[in-house]
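Quick notes on the structure that follows.
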Amino acid sequence: MRPVLVFSAVMFALAGLFGYHVIYKGHQATVSRLRALTVQEQQTQKLQADVAALYGRVERYRARLAPEPDPSWLANRVVALGEQAGLKFTTIDREAPQASAHYTRLAVTLQFQASYHQLGAFLDQLERAEHFFRVERMEMAKPQTDRELSSVLLVLSTFHLPRIQPATKKGA
């Protein structure tokens with residue numbers, strides 16, 4: 001009876017060792033891998049959410065820039081704002097677009113007649129416009145009499161930023 005008991009104890013110990021090393025350790029390794037994959041997937045999803053939020057911000061800012069790389073768009077928008085302020089344009093010169101790797105600069109040179117009030121109203125409209133305009137240079141000739149309008153030279157610019165194409169997943 002003793003050899004059977006010893007044999008049973010040895011078999012029980014071997015079964016325990018086998019179960020511990022093969023089953024328990026194997027499951028522990030699987031659980032560890034699953035935890036690591038879960039953490040990695042959570043990080044990936046957070047990064048994707050962050051990128052989507054940044055992309056949304058870029059698109060909101062891009063919407064304030066010129067929708068096309070054409071200086072005529074800039075001239076038309078600025079002239080419309082100037083006419084609302086009562087300006088009398090004498091010259092409108094469009095500069096050739098200056099393209100760089102990521103954006104295109106558009107500029108226009110305007111010459112017009114305006115009172116100080118009209119000029120102030122025009123500059124205010126430029127500041128409050130839905131699109132971004134930059135005053136690069138402004139020259140103003142003092143009128144010879146109080147009844148004359150000032151002659152103003154104004155160089156305005158803006159930018160065109162092409163729509164950003166979201167990156168696609170590899171293999172998709």
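Predicted model only: the values in this text are computed from it and were never measured. Computation of the quantities below employed the complete heavy-atom set of this structure, encompassing side-chain atoms and omitting hydrogens, waters and symmetry-equivalent molecules.
Not a single donor-acceptor pair under 3.5 Å links the side chain of R105 to the backbone N or O of T158. A donor-acceptor contact shorter than 3.5 Å links the side chain of N76 to the backbone of S72. A donor-acceptor pair under 3.5 Å links the side-chain atoms of Q118 to the main chain of G86, judged by distance alone.
The two residues R94 and A75 come nearest to each other via the heavy atoms NE-CB, 3.7 Å. Heavy-atom minimum distance, S157 versus E136: OG-OE2, 2.5 Å. For the residue pair A107 and P71, the shortest heavy atom distance occurs at O-CB, 4.3 Å. Of all the heavy atoms in Q84 and Q125, the pair that sits closest is OE1-NE2, 3.4 Å. Of all heavy-atom pairs spanning P162 and R62, the tightest one is O-CD, 3.8 Å.
Linking ILVMFWY residues whenever their side-chain heavy atoms come closer than 4.5 Å, directly or via other members, leaves L119 and L153 in distinct clusters. Both F159 and L161 are members of a single hydrophobic cluster when ILVMFWY side chains are connected at heavy-atom separations under 4.5 Å. L106 and I92 end up in the same hydrophobic cluster when Ile, Leu, Val, Met, Phe, Trp and Tyr side chains are linked at under 4.5 Å. Side-chain heavy atoms closer than 4.5 Å link hydrophobic residues (I, L, V, M, F, W, Y) into clusters, and following such links, even through other members, never connects Y103 to L74. By the criterion of side-chain heavy atoms lying less than 4.5 angstrom apart, applied directly or through intervening Ile, Leu, Val, Met, Phe, Trp or Tyr residues, L87 is grouped together with V135 in one hydrophobic cluster.
Separating the CD atom in Q113 from the OG atom in S150 is a distance of 8.0 Å, to the nearest 0.5 Å. In this structure, F133 CZ and L65 CG are separated by 10.0 Å, a value rounded to the nearest 0.5 Å. Summarising the geometry, atom CD belonging to E127 is positioned 6.5 Å from atom CG belonging to D124; distances are rounded to the nearest 0.5 Å. Atom CD of residue E83 and atom CZ of residue F122 lie 10.0 Å apart, to the nearest 0.5 angstrom. Of the inter-residue distances, the one linking L47 atom CG with Q45 atom CD reads 10.5 Å to the nearest 0.5 angstrom. In this structure, OG1 in T90 is found 5.0 Å from CD in Q111, a value given to the nearest 0.5 Å.
Listed by chain and number, the residues in a side-chain contact (heavy atoms from CB on, under 4.5 Å) with A80 amount to none (sequence neighbours excluded).
Residue pairs that meet the ring pair (Phe, Tyr, Trp, His ring centres under 6.0 Å) test with at least one member in residues 73-97, sequence neighbours left out, are W73-H131, F89-F112.
Applying the 4.5 Å side-chain rule to ILVMFWY residues, one finds that V51 remains a lone member of its cluster.
Atom OH of Y116 is surrounded by more than 12 heavy atoms from other residues, nucleotides or ligands within 6.0 Å.
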Please assess V39 against Q43 for the test side-chain contact (heavy atoms from CB on, under 4.5 Å), listing each intermediate value before the final yes or no. CA-CA 6 Å; V39 167; Q43 291 172 342; 3.9 Å; yes
